[in-house]
Amino acid sequence: MAEVLHPAWPVPARPADHISGADTHVTARRDLEFHDAVFAVAGHRRLNDAWRAIRSQVYLFLLIRIGVSDDAYAEHIAAEHRELADVLTARDEQSALRLFAEHRWHAATPVAGQILPLSPKLQVAPLPSQTRPF
């Protein structure tokens, strides 16, 4: 599943095939595999432990996210992951912080849009500054 672009950086071998969109569970699992690699490469035991503690909830979130998606999630997530891998490999901290903020926003907003009508006190945070919506 992974090739090594950097001695310690596994990323999906073929971004175009990273997530097919044909099967929601396969899509969610492949999405999680990318995140598994990010946390493993970080080399931070407590961070990796925290990820492992919430991984199953993130999987369920992704199933919901994919189910409510009308933004071609499966088409853009592989490119988004590749871009994140590139800035991490380059150790470009500022770009990584910006792209991860965008990544979280792109993940959460469609789900929030589904629950906001049920919870009027909640609000969707604006897209982080200097981002490009998909």
If you define the side chain from C-beta out and look only at heavy atoms, does anything of [X] sit under 4.5 Å from [Y]?
X	Y	answer
Ile77	Glu80	yes
Arg98	Gln94	no
Tyr59	His25	yes
Glu93	Val87	no
Leu88	Phe100	yes
Phe61	Ile54	no

Over all heavy atoms of both residues, which pair between Ala28 and Leu62 is shortest? Give the atoms and the distance, please.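 Shortest heavy-atom separation between Ala28 and Leu62 comes out as O-CD1, 3.8 Å.
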
Provide the closest heavy-atom pair for Leu47 versus Ala42 in the form atom of the first, atom of the second, distance.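 For Leu47 versus Ala42, the nearest heavy atoms are CD2-CB, 4.1 Å.
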
Do Phe34 and Leu97 sit in one hydrophobic cluster, given that two such residues count as connected whenever their side-chain heavy atoms are within less than 4.5 Å of each other, even indirectly?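 Hydrophobic grouping puts Phe34 apart from Leu97.
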
Roughly how far apart are His44 NE2 and Phe39 CZ, rounded to 0.5 Å?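 Reported to 0.5 Å precision, the distance equals 11.5 Å.
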
Is it true that Arg29 and Glu33 make a salt bridge, defined as a side-chain N closer than 4.0 Å to a carboxylate O?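 Result for this pair is no, no salt bridge flagged.
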
Give a yes or no answer on whether the side chain of His103 reaches the backbone of Leu99 with a donor-acceptor pair at less than 3.5 Å.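 No, the answer is negative, given that no donor and acceptor are paired below the 3.5 Å cut-off.
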
Just do the side-chain hydrogen bond (donor to acceptor under 3.5 Å, both in side chains) check on His35 and Asp31 with the steps written out, would you? CA-CA 7 Å; His35 293 269; Asp31 195 335; 3.2 Å; yes

